[in-house]
Number of protein chains: 2
Amino acid sequence: MFAAEPYVSKENLLGWANELGLEFKKLAVQKGEVFLKEKQRCQYFYFIEEGFIRLYYLDLQGHEITHWFSGENMMITSPFSFFKEETNILNFEALETTSLLLISREQWKALSEENENSNRAIRRLSMEFSMQLSRRVMSIHTESAEYRYLKLIKNHPLIFQKANLGHIASYLGITQQSLSRIRKRLAH
Amino acid sequence: MFAAEPYVSKENLLGWANELGLEFKKLAVQKGEVFLKEKQRCQYFYFIEEGFIRLYYLDLQGHEITHWFSGENMMITSPFSFFKEETNILNFEALETTSLLLISREQWKALSEENENSNRAIRRLSMEFSMQLSRRVMSIHTESAEYRYLKLIKNHPLIFQKANLGHIASYLGITQQSLSRIRKRLAH
DNA sequence: AATCCTTTTTACCCTAGGGTAAATGCATCC
DNA sequence: GGATGCATTTACCCTAGGGTAAAAAGGATT
């Protein structure tokens, strides 16, 4: 969120659409409206013409966690859901009356899959990159160090043969001493 | 890091390179070697054939913070430095003897800029997306809530007119009460 | 002005994790 | 075996932030 400058201007976007003969849908939402909800498939890449949006998700205790804020000329989507078939866990809430340009999955493809094989690959890389980052942001944002440690053991046990506990601790965002304490606690 | 499956297989990668007549450089690094250092421009998108890598950066107190771990068939780069001209702050350290395939910036371009305008745009979006996420991961990972709050005020003062303190607190990763306490403290 | 509702602040006590420093463990090298 | 060096654990005390609950402060609305 909050790139120093917007990714791409509205003019750019409309220019490209023109060249390709695409027409973007528009969406107007009222203040307070949640226009994309968790478990709904995210069908669009959203460009915010005007207004202000909050993306949030529910943590393990059911609390609303703000994942992102996004304003004029910014773009948002739920990467897992828009790029892949994965379930959307993000809620998109308008914090003020907002107008959006919608780029559908088909249009996105038209824009990006124009031709080359390699292009598809490169884009795939970028997307995966984004999705992993997104996962990691959520993880650091809300999960406890202990929980993240357990997840790491479960999903990537080999890491403990490769990296030392100091590295792992800082990966988890804690000191080595804290990690040591967590390990002791978990050993009953 | 640690996608459930590798982004792209080595075979894919070499296949595309073949089609385009590209040849990737190889790099072999010893255990313990830091083969990309902060302030050095990151010239490659790295594909790990074999081995294990740690990416770390120095926080405000000068502590090494592990940003990422990456192993066989994974890809890494320093997005700010590889995609843009920004200074690299990441150090790439081999935790075991590692062999890498290097995709230079020129090759990356050859792969991705084959033709369309729109493709460039789409890729730009993905890259920006990644870079912002990357920034946010680092921020949540090491900066205190108070520091992040101050940064938010400085960089996006308008947010305080748009979102309420509850939203902002959870964006910062803390409770509304804690934010309130921080605000009180800062008001002297 | 009185009421209702939402947002924000305070207060109390509790817990996770930090900082410093020392102690232990484990390899390696002589 | 002793010495050196790194990784890990423990211990002590401290701080940031959490949980619950209540109080205060703003808006709206009538």
Side-chain angles (χ1 to χ4, degrees), chain A residues 30-34 52 54 56 58-66 69 93-97 139-153 157-188, chain B residues 30-34 52 54 56 58-66 69 93-97 139-153 157-188:
Chain A
Q30 296 305 309
K31 178 174 175 172
E33 204 173 320
V34 180
F52 201 68
R54 175 174 81 114
Y56 66 89
L58 303 179
D59 70 8
L60 301 170
Q61 285 83 44
H63 299 140
E64 286 187 6
I65 303 294
T66 302
F69 288 121
E93 177 189 20
L95 292 184
E96 52 187 42
T97 302
S139 173
I140 306 178
H141 200 180
T142 53
E143 296 163 3
S144 71
E146 179 173 320
Y147 184 80
R148 281 182 280 132
Y149 170 72
L150 287 170
K151 250 180 34 180
L152 193 61
I153 291 184
L158 288 176
I159 223 186
F160 293 87
Q161 283 148 246
K162 305 194 173 196
N164 66 38
L165 292 180
H167 295 159
I168 290 171
S170 81
Y171 174 70
L172 295 172
I174 59 178
T175 61
Q176 189 176 337
Q177 294 90 316
S178 294
L179 178 55
S180 187
R181 250 179 278 128
I182 288 172
R183 285 159 60 82
K184 189 183 180 185
R185 200 189 310 144
L186 290 173
H188 306 133
Chain B
Q30 297 305 307
K31 178 174 173 170
E33 204 173 319
V34 179
F52 200 68
R54 175 174 82 113
Y56 66 89
L58 303 180
D59 70 9
L60 301 170
Q61 285 82 45
H63 299 140
E64 286 187 6
I65 302 294
T66 302
F69 288 122
E93 177 190 20
L95 292 184
E96 53 187 43
T97 302
S139 173
I140 306 178
H141 200 180
T142 52
E143 295 165 3
S144 71
E146 179 172 320
Y147 184 79
R148 281 182 279 131
Y149 170 72
L150 287 169
K151 250 180 35 179
L152 193 62
I153 291 184
L158 287 177
I159 222 186
F160 294 86
Q161 282 148 246
K162 304 194 174 198
N164 66 37
L165 292 179
H167 294 159
I168 291 171
S170 82
Y171 174 70
L172 295 172
I174 58 177
T175 61
Q176 189 177 337
Q177 294 90 316
S178 293
L179 178 55
S180 185
R181 250 179 277 128
I182 288 171
R183 285 159 60 82
K184 190 184 180 184
R185 200 187 311 143
L186 289 173
H188 306 130

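The model shown is predicted, which means the values in this text are computed figures rather than measured ones. Scope of the values below: all heavy atoms of this structure, side chains included, with no hydrogens, waters or symmetry mates. Residue numbers start from 1 in every chain, and the chains themselves are labelled A, B, ... in the order their sequence lines are given, proteins ahead of strands.
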Gap between atoms [atom1] and [atom2], on [X] and [N] respectively (whole Å):
X         : N       : atom1 : atom2 : result
Tyr149(A) : dA16(C) : OH    : P     : 17 Å
Ile168(B) : dG17(D) : CD1   : C1'   : 18 Å
Asn164(A) : dG5(D)  : CG    : P     : 19 Å
Leu179(A) : dG18(C) : CG    : C1'   : 14 Å
Ile182(B) : dT15(D) : CD1   : P     : 16 Å
Arg185(A) : dT9(D)  : CZ    : P     : 14 Å
Gln176(B) : dA22(D) : CD    : C1'   : 14 Å
Leu172(B) : dG18(D) : CG    : C1'   : 15 Å

Any Thr175(A) side-chain nitrogen or oxygen under 4.0 Å from OP1 or OP2 of dG17(C): no
Phosphate OP1/OP2 of dT9(D) contacted by Arg183(A) side-chain N/O (<4.0 Å): yes
[X] has a side chain; which of [options] sits nearest to it?
X         : options                  : value
Lys184(A) : dT9(D), dG17(D), dT10(D) : dT10(D)
Leu165(B) : dG17(C), dT8(C), dG18(D) : dT8(C)
Arg181(A) : dG17(C), dT9(C), dG17(D) : dG17(C)

Test item: Glu143(B) and Lys151(B) side chains (from C-beta on) under 4.5 Å apart, heavy atoms: yes
Pair Glu96(A) + Lys31(A), salt bridge at N-O below 4.0 Å: no
Between Tyr171(B) and Arg148(B), a side-chain donor and acceptor under 3.5 Å: no
Sugar-phosphate only, base, or nothing, as touched by Ser180(B) at under 4.0 Å among non-hydrogen atoms: base
From CA spacing to verdict: side chain to side chain contact (heavy atoms under 4.5 Å, CB included), Leu172(A), Leu179(A): CA-CA 9 Å; Leu172(A) 295 172; Leu179(A) 178 55; 4.0 Å; yes
Pair of N/O donor and acceptor under 3.5 Å linking dT8(D) base with Gln177(A) side chain: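 No.
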Tyr149(B) ring center within less than 6.0 Å of Phe160(B) ring center: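 When the ring centroids of Phe160(B) and Tyr149(B) are compared, they turn out to be within the sub-6.0 Å range.
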